[in-house]
Amino acid sequence: MSGNISIANLSKTYKTDEKETVALWDFTLYIEEGELVTIVGPSGCGKTTILRMIGGLTEPTSGTVALGGKICQGPGPDRGMVFQDFALFPWRSVRKNVEFGLEVAGVPKAERRERAERYIKSVGLEGFENAMVHELSGGMKQRVGIARALVTKPNVILMDEPFGALDAQTRNIMQTELLRITEKTDTTVIFVTHSVDEAVYISDRIVVLTKRPASIKEVIDIPWPHPRDRSSPEFTALRRRILKMLESENIQPDGKEGSIA
Amino acid sequence: MDLERLNYDENNRHHRFIRKLAISVVSLVVFFLIWWNLSLILNNPAVPTPGETWDAMRYLFEKGDLVSGMTMWSHMSISLQRFIAGLLLALAVAVPMGLLLGYSNTLNEFSSPTLEILRPIAPIAWAPIFLFTVGYVWGPILVVFVGIFFPMLTNTIFGVKKIEPNWMDAAKTLGANKKQVFTKVMLPASVPYVMNGLRIGMGVGWMCIVASELYASYGGGVGYFVSIQAQLGYWPNVFVGIILIAILGILTTGLSDYAYRKIVKRMGIE
Ligand SMILES: Nc1ncnc2c1ncn2[C@@H]1O[C@H](COP(=O)(O)OP(=O)(O)O)[C@@H](O)[C@H]1O
Ligand SMILES: [Mg+2]
């Protein structure tokens with residue numbers, strides 16, 4: 001199966017006792033196999049909702065998500081997920097966390113171990129196989145999260161602000177690491193972030209969303225090679241342009257300005 | 001006392017331990033002195049001196065009591081067996097039930113009126129009914145079961161409700177089916193809470209076994225021994241029974257506290 005994603009007319013309305021929230025309205029996007037697409041948009045505009053619907057964790061109100069031409073129903077190991085708060089299993093060691101997806105798929109023990117070790121190594125955690133989650137730093141935890149999501153060889157990985165809980169320096173390191181890890185594979189990456197800097201640094205394409213209900217404001221192609229220079233004039237210019245867009249989206253109906261984060 | 005003159009160092013583990021030990025020893029010595037003086041002042045056969053109690057204890061451990069012919073070892077082992085049987089029964093019922101009730105709101109709402117009526121009843125109040133319906137062997141075991149069941153159940157339900165939704169989402173996106181989410185996420189994630197229920201239940205359960213044996217039992221047990229010896233007026237023997245109840249109680253709760261801390265630490269959930 002190939003890893004292209006086709007999102008068609010996706011909408012989501014949350015209904016609670018008091019009110020109905022239209023989180024997403026008629027969202028359509030096509031993503032090529034192997035592409036790294038980031039989604040940026042004002043806080044609360046529906047980014048997490050989009051990722052959860054692609055991941056099959058949230059049922060869309062209408063519209064479809066298709067992977068390699070086949071419509072997705074519910075969650076599955078073909079779409080891996082990386083969470084902002086890592087969502088690692090604290091009762092399992094690093095190795096056992098990474099093995100989880102293989103374990104539930106019934107992969108034999110020896111093969112499981114060998115494959116998990118390969119991925120632990122590729123995220124730079126060699127030697128920490130037997131460490132428990134609470135012994136790791138934030139950056140290391142997310143490395144485990146990435147290895148755990150990649151070990152089942154998903155066609156797509158969905159990352160919801162995966163570096164949002166990390167300090168600025170670790171964040172930059174992790175961005176480079178992510179590019180290094182996904183470069184070798186044809187895995188498609190859909191990446192949600194608050195950080196415009198991060199988006200410009202890693203993306204093949206950036207999707208800028210409007211405020212809620214989210215729809216696409218603009219799609220920006222970035223054909224620049226890696227590694228990118230954060231201080232180059234075109235980098236800062238693009239960053240400023242996207243920030244401007246987000247700021248204009250953040251003007252509240254009552255005229256007050258909201259925050260971007 | 002000025003501890004600095006003894007070179008006491010608060011940051012030294014051994015010093016802290018020795019200090020604690022010394023205080024405990026002094027505390028026990030004071031306790032025995034009070035007991036000894038009380039028994040002399042009261043001059044009542046129902047309050048024997050520590051010395052008389054000690055002699056009785058040695059005799060009972062070596063030769064046994066005159067009524068049942070059993071040594072204290074046998075009485076203790078009988079009580080412990082009943083206690084463990086009740087404990088295992090409570091584990092087997094309360095844990096699956098707690099997982100289910102934590103998982104399904106409907107089931108929880110359905111069962112909580114009944115459970116809330118039964119919960120405040122002191123477990124020992126069931127003893128007459130249990131002894132009449134299931135007899136002397138299972139009666140005390142069922143009293144222990146009731147005592148341990150409720151704290152176990154409440155803690156397990158609480159544990160399931162506290163499971164991070166993200167853990168289940170992560171498992172699902174990794175391909176786990178419903179059953180695997182249950183066995184590989186919900187079950188292990190609730191273990192610390194089950195253990196906490198067990199820890200609380202152990203204390204309650206030990207009180208229950210002694211109480212039900214005191215109330216009525218047959219064929220031995222520490223509570224049974226105390227009850228018979230009191231009826232016969234062998235007061236030093238009664239005191240031996242009470243002391244052993246205390247020691248076994250401390251050991252069981254101490255053991256479960258230790259197991260709880262070990263497991264919680266091992267699993268990385270504080
Ligand atoms: N489970 C839910 N029930 C009700 N409303 C929700 C739920 N999840 C999200 N929302 C609402 O939908 C909107 C979009 O949320 P989300 O997708 O989390 O935004 P973002 O990730 O862009 O910050 C928000 O207004 C949020 O309050
Ligand atoms: Mg979000």
Side-chain angles (χ1 to χ4, degrees), chain A residues 48 51-58 72 74-94 96-107 116 130-136 141 144-154 156-160 162 165, chain B residues 91 95-96 98-99 102-103 105-106 109 152 155-199 256 258-270:
Chain A
T48 296
L51 272 202
R52 289 181 61 89
M53 287 197 287
I54 300 171
L57 294 172
T58 297
C72 303
D78 49 355
R79 283 150 292 142
M81 198 140 183
V82 177
F83 298 79
Q84 176 173 7
D85 65 357
F86 322 124
L88 300 177
F89 307 121
W91 57 90
R92 285 173 168 250
S93 63
V94 167
K96 286 291 215 168
N97 263 282
V98 176
E99 279 185 14
F100 189 94
L102 305 172
E103 200 179 300
V104 295
V107 175
N130 296 317
M132 294 306 281
V133 173
H134 66 94
E135 298 166 336
L136 307 177
K141 283 180 187 158
V144 179
I146 292 169
R148 183 178 68 173
L150 283 175
V151 75
T152 53
K153 298 209 170 90
V156 185
I157 58 170
L158 309 166
M159 309 181 89
D160 191 0
Chain B
L91 263 177
V95 173
L99 291 172
Y103 188 66
N105 272 329
T106 315
E109 281 159 15
M152 286 289 294
N155 276 278
T156 309
I157 293 175
F158 182 73
V160 174
K161 296 227 180 274
K162 290 263 290 194
I163 294 176
E164 292 270 341
N166 266 345
W167 289 340
M168 306 218 239
D169 285 344
K172 284 184 210 159
T173 60
L174 289 164
N177 58 31
K178 273 210 165 102
K179 194 178 140 235
Q180 288 167 325
V181 170
F182 188 82
T183 56
K184 289 182 190 289
V185 180
M186 289 178 59
L187 209 58
S190 56
V191 164
Y193 298 91
V194 171
M195 285 304 298
N196 192 38
L198 187 69
R199 182 168 69 145
S256 58
Y258 178 79
Y260 173 78
R261 280 200 303 272
K262 274 271 166 226
I263 286 178
V264 167
K265 193 159 172 229
R266 176 82 242 294
M267 293 185 65
I269 308 170
E270 289 331 311

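Residue numbering restarts at 1 for every chain, and letters A, B, ... go by the order of the sequence lines. Note that the structure is a prediction, hence the values are computed from the model and not measured.
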Per-residue contact mode, R148(A) against chain B (heavy atom under 4.5 angstrom): both

Interface moiety of V185(B) toward chain A, non-hydrogen atoms closer than 4.5 Å: both

Minimum heavy-atom distance between K265(B) and H134(A), given as atom pair plus value: O-NE2, 3.9 Å

Which atom of G175(B) lies closest to which atom of P77(A), heavy atoms considered: CA-CD, 3.8 Å

Residue part contacting chain B, namely of M132(A), when any heavy atom lies under 4.5 Å: side chain

Most contacts with chain B, counted as non-hydrogen pairs under 4.5 angstrom, among S93(A), A87(A), G145(A), G101(A): A87(A)

Region of L88(A) that comes under 4.5 Å of a non-hydrogen atom in chain B: backbone

Stepwise side-chain contact (heavy atoms from CB on, under 4.5 Å) test for R79(A) and T173(B): CA-CA 7 Å; R79(A) 283 150 292 142; T173(B) 60; over 6 Å; no

pair M81(A)-L174(B): side-chain heavy atoms closer than 4.5 Å: no

Side chains of E103(A) and Q180(B) in contact at under 4.5 Å (non-hydrogen atoms): no

Pairwise distance CG(N166(B)) to CZ(F86(A)) - rounded to 0.5 angstrom: 11.5 Å

Option that, when pairs with chain B are counted at under 4.5 Å, heavy atom only, ranks first among V82(A), D85(A), V133(A): D85(A)

Enclosure of K162(B) NZ (heavy-atom neighbours >12, cutoff 6.0 Å): no

Distance, nearest 0.5 Å, that separates CH2 of W167(B) from CH2 of W91(A): 5.0 Å

